[in-house]
Amino acid sequence: MSKTFYITTPIYYVNGAPHLGHAYTSTAADVLARWHRLAGDEVFFLTGTDEHGQKVEAAARNAGIAPQEFTDRVSADFRDMAQAMNISNDDFIRTTEPRHKAACQAIWSKLQENGFIYLGAYEGWYAVRDEAFYDESETALKPDGTRYALASGAAVEWVVEPSYFFKLSAFQDRLLAFYEENPGFIAPAAKRNEILSFVRGGLNDLSISRTSFSWGVKVPGDEKHVMYVWLDALVNYLTAIGYPEMSGPRAKFWPASLHLVGKEIIRFHAVYWPAFLMGAGLELPKKVFSHGWWTVEGEKMSKSLGNFIDVRPLVQEYGLDQIRYFILREVPFGNDGDFSKESLHRRINSDLANGIGNLSQRTLSFIGKNAGAAVPPKGSLTEADEALLAEAAALPAKLHAAMDKLAFHEALDEIWRLIRAADGYIDSQAPWSLRKTDLDRMNSVLYTLCVVLRTLGVVLQPFMPETMSKLLDYLGLDEARSLAVLDVPLAEGTALPTPTGLFPRVGV
RNA sequence: GGCGGCGUAGCUCAGUGGUAGAGCAGGGGAAUCAUAAUCCCUUGGUCGGAGGUUCAAAUCCUUCCGCCGCUACCA
C-alpha cells in the first residue's frame with residue numbers, strides 16, 4: 001500500500017510575469033514530487049495561478065482588455081514557464097475556474113454556518129487614485145492638513161466600507177496549541193519563531209470581503225461583496241482535490257503533505273489558512289515550508305530596478321537541467337541566495353561537467369571501446385568493489401533523510417560524495433592498466449562502476465530528469481527506473497549505446 | 001522599542017562542551033580511461049571583539065560591534 005503525498009506551490013499572482021522566484025518554488029516542489037513518485041508514493045502535485053483582485057482588475061484596464069482575457073494571457077505564460085522548467089504538476093488550477101468559485105463559496109458558507117463570519121465595516125485611509133487602503137504609518141500630512149500616501153503621493157481619505165470579517169481572534173489559542181503539538185508544521189525554525197511571536201501578540205479579526213471592486217468570487221447571499229483575495233487564493237488547495245465533495249478520487253490526498261511557499265507569504269499559510277480550515281472543520285496540512293529569495297548578481301530583484309530574471313532564456317543558454325541543478329544546489333533551501341553567472345558557470349563545470357558528466361563518460365566510453373559495448377560480467381568482487389557498492393547502497397536512505405527535511409543541497413552533497421568516491425575508485429583500480437593484464441578484473445571494475453552509475457542516475461532523476469534519462473539509456477536500463485530497481489541485480493551483457501557527454505563545459 | 005536569527009579558511013557553508021571541518025578557489029605532484037576532465041598531497045582560520053563559567057568553550061553566560069528578519073509604536 002503506497003503512501004499519498006500532496007504537494008503544492010502557491011498559485012502565482014498574475015499581476016506580473018513569471019520570473020526566477022516562481023521557477024524556484026516550482027522546481028523545488030517538482031523535485032519533491034518526483035522524488036516521492038520514485039519512492040513509490042502516490043503523488044498529487046498542484047500549481048496554478050491566482051487571478052482575482054483589484055490589482056489584476058486594474059492591470060487589465062491598463063492593458064485595455066477584459067480581466068478574463070488578461071488573466072488568460074498571463075496564466076498561459078505561467079504554464080509556459082512550468083513547461084520550460086519541466087514541472088510535472090498533476091493539475092494546474094486557475095482561480096477563475098467554476099470549480100474554484102464553487103469551492104470558495106462552499107467554504108464561505110461553511111464558515112458562516114459555523115459562526116465565524118460577521119458583517120462589519122472596514123475602515124482605513126483609502127487612496128481613490130491607487131484604489132488601495134494604506135496603514136496610517138504609510139501616510140503623512142501635507143502642510144495644508146490633507147493626508148497623502150507616502151508610496152504614491154496620492155491623496156487619501158478615511159473610508160468606511162462594509163466588509164465581512166472572519167473571527168480570526170477566536171483561533172489564537174487553538175493555533176498556538178496546534179503549533180505546540182506539531183513542531184514541524186512551520187519550517188524552517190526561524191520562520192516558526194516569527195509566526196509564534198506574531199500569533200502570541202494577538203490576532204485581529206480579518207476583513208474577508210470587499211465592495212470596492214468586483215473582480216473576484218461573489219460572496220454567497222450578498223453579491224455586492226467579493227471575497228478577499230487571500231481567502232480566495234488559499235482555498236485553491238481544496239478546490240483541486242474536489243472540495244466540497246470530500247469523497248471523490250482525489251479526496252484521499254487531503255490533508256496536504258506540504259505547502260511550499262516563498263517567505264513573503266508564510267503568514268497567510270501558517271496562520272490564516274489553518275484558522276480557515278479549523279473554522280470549516282477540515283484537517284490541517286502537515287507542513288508549510290518557507291524558502292528564501294534570490295538576488296541577481298548581488299542585487300535584489302525589484303520593479304524599480306527592472307531586473308526580474310526570466311528563467312526561459314537561461315534554460316535556452318545553459319540547458320534546463322543545469323539551471324534546475326544550480327538553483328537547488330547553490331543555496332541551502334530556506335536561505336536567501338545569489339544568482340550569478342560566475343557561480344552558475346562554476347557549478348556547471350565543477351559539479352556537472354567534471355563531476356557526474358566526466359564520471360559517466362570516462363566509464364561508458366571505456367566500456368564502449370574496451371569491453372564490447374555491453375554491461376561487463378560481474379565476476380568476483382574485491383573488497384574495494386564491495387566498499388564502493390556499499391556506499392552506493394547506503395545512499396537512498398541518506399537521501400530520504402535529507403529530502404524529508406527539504407535539504408536539497410544536502411541531498412546533492414551526499415550524491416556528490418559518491419561521485420568523488422567513484423572517481424577515486426577508477427583511479428585506484430586503473431581499468432586502463434587491467435585491460436593489458438587482467439580482463440576479468442577489468443570487467444568487475446567496470447561492472448561495479450555501472451552499478452554505481454545506475455544508482456546515481458536513478459536518484460538524480462528528480463533533479464535532472466532529462467539528462468538522467470539519457471544516462472540511464474546509456475546504461476541500457478528499461479523503463480523500470482524507480483528506487484526499487486536499485487535492489488535488482490544489474491543485468492550483465494546488456495548492449496550499450498555509444499555515449500556522449502552529458503554536460504558540456506561552459507566558457508568562463 | 002520588543003522578539004528572533006546570523007557573524008567559522010579567499011568564497012559558500014557544516015560543526016552546540018572534549019585535539020578546528022567540507023566543497024569550490026589557490027599551490028605541488030601523479031596518472032592518461034575521460035568533456036585537460038581525474039586522483040593524491042598541500043597553503044590557508046587569534047571560530048566578530050572583550051569578559052566570565054568549566055579540568056576543557058566555535059559550542060554555555062554577560063556585554064559590546066556589525067548585518068538581517070519579524071513585530072509594535074511614536075512623534
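Model, not experiment: these values are computed from the prediction. Just so it is clear: chains get the letters A, B, ... in the order the sequence lines come, proteins before strands, and each one is counted from 1.
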Flag for Ser209(A)-Tyr122(A): side-chain donor and acceptor within less than 3.5 Å: no
Note, Tyr118(A) side chain near Lys167(A) side chain (heavy atom, < 4.5 Å): yes
Watson-Crick or G-U counterpart of rG1(B), or none if no pair lies under 3.5 Å: rU71(B)
Lys341(A) to Glu317(A) - nearest heavy-atom pair and separation: NZ-OE1, 4.1 Å
C1' atoms of rA57(B) and rU53(B), separation to the nearest Å: 10 Å
Any side-chain heavy-atom pair of Pro497(A) and Tyr474(A) under 4.5 Å: yes
Nearest-angstrom distance, C1' atom, rG18(B) to rA58(B): 13 Å
Atom NZ of Lys287(A) with >12 non-hydrogen neighbours under 6.0 angstrom: yes
Nearest-Å distance for atom pair CZ/C1', residues Arg417(A) and rC24(B): 14 Å
rG1(B) and rC11(B), which share atom name P, separated by this distance in whole Å: 31 Å
Whole-angstrom distance between rC6(B) and rC13(B), as gauged at atom C1': 13 Å
Between C1' of rC24(B) and NE2 of His345(A), the distance in whole Å: 16 Å
Ring pair (Phe, Tyr, Trp, His ring centres under 6.0 Å) assessment of Phe166(A) paired with Phe171(A): CA-CA 10 Å; Phe166(A) 173 70; Phe171(A) 290 90; 5.4 Å; yes
Rounded distance (Å) that lies between atom P of rC33(B) and atom CD1 of Ile426(A): 12 Å
Close approaches to RNA chain B from residues 353-375 of chain A, in residue order (heavy atom, under 4.0 Å): Ala353(A), Asn354(A), Gly357(A), Asn358(A), Gln361(A), Arg362(A), Ser365(A), Phe366(A), Lys369(A)
Any strand: nucleotide that pairs with rU38(B) via Watson-Crick or wobble, under 3.5 Å: rA30(B)
Nucleotide rA37(B), atom P - distance to CD1 of Ile348(A) in whole Å: 15 Å
Close approaches to RNA chain B from residues 325-339 of chain A, in residue order (heavy atom, under 4.0 Å): none
Identity of whatever pairs with rG51(B) - Watson-Crick or G-U, under 3.5 angstrom: rC61(B)
Upstream residue (5' side of RNA chain B) when Ser433(A) and Thr500(A) are each assigned their closest nucleotide: Ser433(A)
Under 4.0 angstrom between Ser343(A) side-chain N/O and rC11(B) OP1 or OP2: no
Nearest non-hydrogen partners of Met468(A) and Leu456(A), listed with the distance: SD-O, 4.4 Å
rC73(B) and rU59(B), which share atom name C1', separated by this distance in whole Å: 37 Å
Pair Tyr325(A)-Thr467(A), side-chain donor/acceptor within less than 3.5 Å: no
rC6(B) - base-pair partner by Watson-Crick or wobble geometry, distances under 3.5 Å: rG66(B)
Aromatic centroids of Trp230(A) and Tyr272(A) separated by under 6.0 Å: no
Aromatic Trp293(A) / basic Lys263(A) pairing, under 6.0 angstrom, 45° off normal: yes
Rounded interatomic separation in angstrom, taking CZ from Arg346(A) and C1' from rC13(B): 13 Å
For atom CH2 of Trp416(A) and atom C1' of rA22(B), their distance in whole Å: 16 Å
rU62(B) versus rG27(B) - spacing of their C1' atoms, nearest Å: 44 Å
Nearest-Å distance for atom pair CZ/P, residues Phe408(A) and rU12(B): 22 Å
Backbone of Ala270(A) reached by a side-chain donor or acceptor of Tyr179(A) within 3.5 Å: yes
Given RNA chain B, 5'-ward residue of the pair His409(A) and Arg435(A), judged by closest heavy atom: His409(A)
Selection from rC33(B), rC24(B), rU35(B) that lies nearest to any side-chain heavy atom of Arg505(A): rU35(B)
Distance, C1' atom - from rU46(B) to rG51(B), rounded to whole angstrom: 16 Å
Same-atom distance (C1') from rG17(B) to rA22(B), integer angstrom: 22 Å
Atom NZ of Lys470(A): over 12 foreign heavy atoms under 6.0 Å: yes
Distance in angstrom units between Trp432(A) CH2 and rA30(B) P, rounded: 16 Å
G-U wobble or Watson-Crick pairing nucleotide for rC13(B) (cut-off 3.5 Å, both distances): rG21(B)
Heavy atoms from other residues, nucleotides or ligands near NZ of Lys55(A) exceed 12 (cutoff 6.0 Å): no
Contact list for RNA chain B against residues 179-208 of chain A - heavy-atom distance below 4.0 Å: Lys191(A), Asn193(A), Glu194(A), Phe198(A)
Carboxylate-amine/guanidinium proximity below 4.0 Å for Arg441(A) and Asp385(A): yes
